[in-house]
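Report on one structure; see the data block that follows.
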Amino acid sequence: MLLTEEQQALFDGAKGETIAKIVKTLVMYGECFGAERMVPVNSKNGHLVTSFGLSVMKPVYELMDELIAAGAVSEQPFSVDPRPLDKNVPANFLQNIFFKVMYSKQADYEVQLGKLGLMNTDAFTCTCYMDAVGNKPLEGEVLSWAESSAVVYANSVLGARCNRNSGIIELFGSIVGFVPAFGLLTDEGRKATWVVEVDTVEKPEAQVLGSAIGMKVLEEVPYVRGLDKWLGGELDEGACDYLKDMGAATASNGAVGLYHIAGLTPEAKRLGDALIAEGAQVYKVDDAELRRVRDGYPVIWKDAAAKPVLCFVGCPHLSLGQLSAWTASLTEALARNGRQKVAVPVVFTAAPKVVEEFKATPDYQRLLGTGAVVSSICPLMYMNNPLCGKKPVITSSNKLRTYTSARYHPDAEILAQIAGDAGTASEGGVS
Amino acid sequence: MTRTFTGRVVVPGAVKAEALVTQAGFNTLASFQKSFMFGDKSAKCSDQNNADLYGKPMHGKALCLPQTIGSTTGGMILYCAAKLDRHPACLLFSKPIDSLAAAGAILAGVWTDVPMPTIDSLGDEFLEVVKDGMKVTVAEDGTVTVE
């Protein structure tokens, strides 16, 4: 690794031992992947993955204290993943006690985040790139982010450059303002080693298509053909929402950090087939393949036919457009079924700033009128404990399915269940 | 029978430990979650999706794996495991290390007094040969002996 004079001075301890250790960590991290130099982090904001004050993560809080004491705070304000708690989300007495103990460090940790450079107290979301949140990087900017769904979106849809960093590493890059140049930060590392040919009769479910791609290509870069037929040639709100959900599934069902969509995403539009590396493998996706992938998801509920007790929609967090679309479809479905309220308790999640915008629309009260909850919680953090893990929870998120016991259903099936359509599990049948 | 494999040193160190092997990707967060929550110092693996490791103690073992998978908190979790003294004795990867595991191994190496020697690129045959309970010796130069 060839460091600049200034970087070398930091490495040698010119700004103290803590900064020196941070630079040493980044040097070792980069050398592990063949990086020969550091590049400046030139985005306006960072994004951290660790948002939860888990009582057992004492070493993290001690490290944060060490950083703060040494003045090693972020040069750029950052957003952070969603909070793990929200008293509005349904939980029983035992769960509430458990949450209180489990996340007893939440308040202390948020104070630490504030000292380290948190943008503001509303900056808790996995979709920091939503306009309302204010952390939307520009094409070509180098980021020091973690959170797999945000990284894959920033790389693919926005054309920014970021590796799949771990928690803590991303903060270190934001503190010193540079990161090792390797992988997705390089032109070579952004070339596609897979070509995915989508040929379906209907528009593929974003969450299942992403899952299929992730499971097939793992951490490699796919170039997807045939999707512009369904999404069009412009990154409008609908296309961005689709790619947000598809990308999160590629990143959680595999480890994809970047995908290109022919005729749609910025680099694919500019460079076309030149983005495809020599010898790239081909993966054909048709309706049968998507069915095969979905049929392969294990149901890990104790009773596979159990009636769902909770539904999460919004992992990653929903956009304003998605909240409005759900409001319309849910209210229509309930009216069709002659119901006032949802048949399964349902939580729609979105960034605090997006929820704020949503509250200013008439849809907000319409959605609350169905009995649904609108929250900015992290469904993953809610589910990731033994008490919630035993509950039959349904979701339209493939990411939540992957990391927890939640059962995945496409949007249409989720709608049928929460609206109490005849024959669904919410009515006592088998879905 | 003794077999020797040579990989690349990510974090140097010499150690002897009993092998614990997963053929599937190692989900770091899911594997350590219950140990962290309930204070299990032996760090029994809590990843229900990993049939090779589920329920087996990881602390002090030579963890033999292809790569890690899952949440980008992975590196931070490995760092915490080291600080809480629930970490594997070493990490031995058959494939090139992934960015999350590399972060964890390096964070433990730089920021704790309990580094986990970490070797990657040991080759697919390494995971075919090594079995749970075998004696594994890791040398500073990245040589891994299995017997």
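Per chain, numbering begins at 1; letters A, B, ... match sequence-line order. Treat the numbers as computed from the prediction; the structure is a model and nothing was measured.
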*asked:* Counting only heavy atoms not in A:Lys391 (residues, nucleotides, ligands), do more than 12 fall under 6.0 Å from its NZ?
replied: yes
_Spacing of CZ belonging to B:Phe36 relative to CE belonging to A:Met102, to within rounding of 0.5 Å_ = 12.5 Å
*Tell me, side chain or backbone of A:Thr50 under 4.5 Å from chain B's heavy atoms, or both, or neither?*
side chain
*Please state whether the side chain, the backbone, both or neither of A:Ala255 comes within less than 4.5 Å of a heavy atom of chain B.*
neither
*So does A:Lys15 have more than 12 non-hydrogen atoms from other groups sitting under 6.0 Å from NZ?*
no
*Relative to chain A, which segment of B:Asn27 carries a heavy atom at a distance below 4.5 Å: side chain, backbone, both, or neither?*
side chain
_Let's test your reading of the structure: which of A:Glu170, A:Glu31, A:Lys399, A:Glu66 forms the most heavy-atom pairs below 4.5 Å with chain B?_
A:Glu66
*Return the minimal non-hydrogen interatomic distance between A:Ser166 and B:Met76, and the atom names on each side.*
OG-N, 3.4 Å
*Just wondering, more than 12 heavy atoms not from A:Asp303 lying within 6.0 Å of its CG?*
yes
*Mind ranking B:Asp120, B:Thr112, B:Asp47, B:Thr73 by heavy-atom pairs under 4.5 Å with chain A and telling me who comes out on top?*
B:Thr73
_Restricting to non-hydrogen atoms, name the atom on B:Ser71 and the atom on A:Tyr403 that form the minimum distance, rounded to 0.1 Å._
N-OH, 3.4 Å
*Determine yes or no for a side-chain-to-main-chain donor-acceptor pair under 3.5 angstrom, with B:Gln33 supplying the side chain and A:Asn384 the backbone.*
yes
*Heavy-atom pairs under 4.5 Å with chain B, option from A:Asp81, A:Leu26, A:Leu63, A:Leu380 with the top count*: A:Leu63
*Part of A:Tyr61 within contact of chain B (heavy atom distance under 4.5 Å)*: neither
*Measure the spacing between OG1 of B:Thr72 and CD1 of A:Ile169 and express it to the nearest 0.5 Å.*
12.0 Å
*Just wondering, are more than 12 heavy atoms of other shown residues or ligands nearer than 6.0 Å to NZ in B:Lys131?*
yes
*Tell me, side chain or backbone of B:Ile97 under 4.5 Å from chain A's heavy atoms, or both, or neither?*
both
*To the nearest 0.5 Å, how far apart are CD in A:Glu62 and NZ in B:Lys83?*
5.5 Å
_Residue part contacting chain A, namely of B:Leu78, when any heavy atom lies under 4.5 Å_ = neither
*Distance from A:Phe172 atom CZ to B:Leu107 atom CG, nearest 0.5 Å?*
5.5 Å
*So which part of A:Leu171 gets closer than 4.5 Å to some heavy atom of chain B, the side chain, the backbone, both or neither?*
neither
_Quick check: closest heavy atoms across A:Thr18 and B:Trp111, and the distance to 0.1 Å?_
O-CH2, 3.8 Å
*Give a yes or no on whether the backbone of A:Asn165 and the side-chain of B:Ser99 come within a donor-acceptor separation of less than 3.5 Å.*
no
*Indicate the atoms forming the closest heavy-atom contact of A:Met28 with B:Val10, along with that distance.*
CE-O, 4.2 Å
